[in-house]
Amino acid sequence: MTDQAYNFAYLDEQTKRMIRRAILKGLAIPGYQVPFASREMPMPYGWGTGGVQVSAAVLTPDDTLKVIDQGADDTTNAVSIRTFFERTAGVKTTTRTTDASVIQTRHRIPEEPLTDNQILVYQVPIPEPLRFLEPRESETRKMHSLEEYGLMHVKLYEDISRHGHIATSYAYPVKIEGRYVMDPSPIPKFDNPKLGDMAAIQLFGAGREQRIYALPPYTQVVSLDFEDHPFEASKADHPCGLCDATDSYLDEVIIDDTGGRMFVCSDTDYCAARQAAGFKGKDAA
Amino acid sequence: MYVAVKGGERAIESAHAWLAEERRGDTSISELGIPQIREQLKLSVDRVMAEGSLYDPDLAALAIKQSRGDLIEAIFLIRAYRTTLPRFGASSPVDTGAMSCDRRISATFKDLPGGQILGPTFDYTHRLLDFKLAAEGELPQAPTREATPGNVPHVTEFLNREGLIEEAPHDDTPPPDLTREPLEMPADRALRLQALTRADEGFTLGLAYSTQRGYGRNHAFVGELRIGAVAVEMDIPELGFAIEIGEITLTECETVNQFKGSKTEPPQFTRGYGLVFGQSERKAISMALVDRALRWEELGEDNVGAPAQDTEFVLYHADNIQATGFLEHIKLPHYVDFQSELELVRKLRREAGATETQEAAE
Amino acid sequence: MQAETLAGGFDTPAVQSAHAFRGLLEAMARPGTVRQIGGAAPPRPLSPAAGCALLTLCDTDTPVYLAGGADCDAVRAWLAFHTGAPLTGPSHCAFAIGRWEDLLPLSAYPTGTSEYPDRSATLIVDGTDFAKPGAVLRGPGISGQATMALPGIKAFQDNNALFPLGLDFIFAGGSRIAALPRSTKITAPATVTEVF
């Protein structure tokens, strides 16, 4: 049921138009951060206001929406955002990845490969991949314009000389179509290979930082690396304790105070679907 | 046996019901009414209006009640409501020279046209807890006198007449709108002032204080501080003239600051400016000091690297709604990122351990 | 005020513009694909699809350039009433609309700056015949390659060479649209000689 006091999908039409124009420019310049006049939303900055504004601008009443946080549909912030759109847009919602036409996510890409009938909307806290190397927006904007990404390579290489590995395990920077270096949002680097050549449209919204960027389908995405230290997508070296999957990203769960733990899929829908199909892990009931 | 955490929705509902109960507190104590908050916690209301960027004392009072007195939460409620309001147009600039002043003081001249009006201030109160208030004591009668009619001229105008203070030339350029356009550097003074007037009071105070202690010192005198009501007028195109649509209370602070002069310009004083909704004089003075510090470039001063001189730093961190949202978001689940860090640290430790063992063996 | 001016807008703006935008989004994200969009009935010579794109994307914040036959009283009044968009010349527009030959030369439009390449015009090319033989497209949004009817080849190759600066195009004809972002690489089809 829609809350009649508000416009469809909460935002007023002028705001949606402004966001929609930014999305189109973002798609035309893959990986480039388009400034947009982010609005104050009825949820805090840092809690998905960018993703929510992008979703509000793309949703139609015919959509089926899925919202995940950390891969799960049932985490509190995912529940809160899903309820927001049920109230303000009256859209159907689902937890099934395959049934969703729009998926809003925080920190994960679903395990199930997405299709060309789907849109994936990321919540982004800090859209600027160079921010932790250079705090000034005026400087990082110049660096992008001059394609001056040496600093990023130096940082990654310093990691290697100190630790023997690149010490970035999430929000791992990528280069888009050989031009812009982009922050893929804080997804684990395990998810990085899914970013490129994806059939679905990927949209990124950073509300507090007032930026929107996008990846059209089948865009070339390369995780930054070095010839002698190639990029490696990693995860905990276990099968899922519930569904026995060996190809999914795992959460580690502490089950007692004597060091006992188990590993389970972070993508709850993927895990549930496998269990329903009869797969059973060593910790399953 | 581990069971996947379910029931987020129920947890949220229950938490919110509990919150509502806590908000009300002990039901044997009578409930706070909006008019009580509006009238008796007026300075809280004023702060919420100022930083919420919406002049509506009743809504601000409601927000304070709903937020259990957490003013940043109340400001957030007001901001989120404000953004849904339709815009009918922009008012004409208010004329603070025509303010009917409740308070008007100058630290630079002992007496001046319009006079010094101490007004309802905490200044010179002895900060002794008043136990009579706890006992709901009687209200002492404040003496009254006739208001002096006519405009109260600005102190800086006197200085301007002698050419002793920099000109503030009239400018009809429409100012940028921080709430409708993404913030972009470099920010002109209009945009900076706009950001500062809704900036967090504590942050602004801290920055202003730092300039006094030498981090971008600019030696400010409070030329004038005034608090009072001004008329808000709006041009109605259909009528062809402006009409008064209401009255708001403002606090305005103009500082007179040092300036040495240059080869091309004789020595003269410079200005800092603060203007805030409601009675918010700490904020208005702070704003004027920070405004002045941020003007180093246009006045040809040195950037000594002080935080208050750094426009990008000040403007990107002054908004308490942005700050508190991002700060508090770190309590949201980060299982996935943390897991990836765990794996990485374990791997690095394993390898470090292997190297050590190997070295020991050699 | 003419009845034509008042009519032809969206009946249910929130929902119709949401659908129209999804069409535009899919078109811009997948160059070479053609979508149907509807809900607007603009005055001639605008096509319904072009009118729909204008209603979905334009307002008081977007200067619009009406090129050639699109610059007529009926279109001016309709656009002003339904969007409030200010009219301007090509050098300051956010959107331009007209037939391909009326929109030329492309050098007249803003292509963005190196720090803000998004500050560039989007051209709505009306009267597109989607049945014409297609140019070959490669780039973001395209798996392998795609084909699309384009009014020229070199103009779009030159535009692509400006990347990340450049113009973006929405093609409209009847109730159909397609789009070509600046990121797409274009080659002439092997069997068709370049006429432009």
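Every chain is numbered from 1, with letters handed out A, B, ... down the list of sequences.
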Spell out, as yes or no, whether a donor-acceptor pair under 3.5 Å connects the side chain of B/Arg346 to the backbone of A/Ala236.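 Absent.
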Whether B/Gln339 side chain and A/Asp251 backbone form a donor-acceptor pair below 3.5 Å: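 No, the answer is negative, given that no donor and acceptor are paired below the 3.5 Å cut-off.
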Going by atom types alone, do A/Arg208 and B/His329 pair a side-chain donor with an acceptor below 3.5 Å?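 Note: A/Arg208 and B/His329 side chains miss the donor-acceptor criterion.
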When you check the side-chain N and O atoms of A/His165 and B/Glu351, is any donor under 3.5 Å from an acceptor?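 Judged by distance alone, the side chains do pair up.
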Tell me, for [X] versus chain B, whether the close heavy atoms (under 4.5 Å) come from the side chain, the backbone, both or neither.
{"X": "A/Ala167", "value": "both"}
{"X": "A/Thr49", "value": "neither"}
{"X": "A/Ile126", "value": "side chain"}
{"X": "A/Arg162", "value": "neither"}
{"X": "A/Phe263", "value": "side chain"}
{"X": "A/Phe190", "value": "neither"}
{"X": "A/Ser138", "value": "both"}
{"X": "A/Asn77", "value": "side chain"}
{"X": "A/Met43", "value": "backbone"}
{"X": "A/Ser266", "value": "side chain"}
{"X": "A/Arg136", "value": "both"}
{"X": "A/Arg141", "value": "neither"}
{"X": "A/Ile166", "value": "backbone"}

Would the number of heavy atoms belonging to other residues, nucleotides or ligands and lying under 6.0 Å from [atom1] of [X] be above 12?
{"X": "A/Asp237", "atom1": "CG", "value": "no"}
{"X": "B/Ile330", "atom1": "CD1", "value": "no"}
{"X": "B/Tyr215", "atom1": "OH", "value": "no"}
{"X": "B/Leu85", "atom1": "CG", "value": "yes"}
{"X": "B/Tyr81", "atom1": "OH", "value": "no"}

Between [options], which residue shows the highest count of heavy-atom pairs closer than 4.5 Å to chain B?
{"options": "A/Cys271, A/Pro44, A/Ala272", "answer": "A/Pro44"}
{"options": "A/Gly164, A/Pro125, A/Ser38", "answer": "A/Pro125"}
{"options": "A/Lys235, A/His163, A/Arg108, A/Arg106", "answer": "A/Arg106"}

Side chains of B/Ile12 and A/Val79: closer than 4.5 Å at any heavy-atom pair?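 Yes, their side chains come closer than 4.5 Å.
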Any side-chain heavy-atom pair of A/Ser80 and B/Glu9 under 4.5 Å: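 Side chain of A/Ser80 against side chain of B/Glu9, heavy atoms only: no contact under 4.5 Å found.
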If you tally heavy-atom pairs under 4.5 Å against chain A, which of [options] wins?
{"options": "B/Thr83, B/Asp337, B/Leu344", "value": "B/Asp337"}
{"options": "B/Met185, B/Glu181, B/Glu343", "value": "B/Glu343"}
{"options": "B/Asp310, B/Asp319, B/Leu327", "value": "B/Asp310"}
{"options": "B/Ala323, B/Ala352, B/Ser340", "value": "B/Ser340"}

With a 4.5 angstrom heavy-atom cut-off, which part of [X] approaches chain A: side chain, backbone, both or neither?
{"X": "B/Glu328", "answer": "both"}
{"X": "B/Leu342", "answer": "side chain"}
{"X": "B/Tyr316", "answer": "side chain"}
{"X": "B/Thr324", "answer": "neither"}
{"X": "B/Phe76", "answer": "side chain"}

Taking all non-hydrogen atoms of both residues, which atom of [X] and which atom of [Y] are closest, and how far apart?
{"X": "B/Ala80", "Y": "A/Tyr10", "value": "O-OH, 3.5 Å"}
{"X": "A/Gly46", "Y": "B/Leu332", "value": "O-CD1, 4.1 Å"}
{"X": "B/Val336", "Y": "A/Tyr249", "value": "O-OH, 3.1 Å"}
{"X": "A/Ser169", "Y": "B/Glu341", "value": "OG-OE1, 2.6 Å"}

In plain terms, say whether A/Glu232 and B/Lys347 are close enough for a salt bridge, that is, a side-chain N and a carboxylate O under 4.0 Å apart.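 Salt bridge present between A/Glu232 and B/Lys347.
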Which value, rounded to the nearest 0.5 Å, describes the distance between [X] atom [atom1] and [Y] atom [atom2]?
{"X": "A/Glu137", "Y": "B/Leu315", "atom1": "CD", "atom2": "CG", "value": "13.0 Å"}
{"X": "A/Glu40", "Y": "B/Thr179", "atom1": "CD", "atom2": "OG1", "value": "7.5 Å"}
{"X": "B/Phe338", "Y": "A/Glu252", "atom1": "CZ", "atom2": "CD", "value": "8.5 Å"}

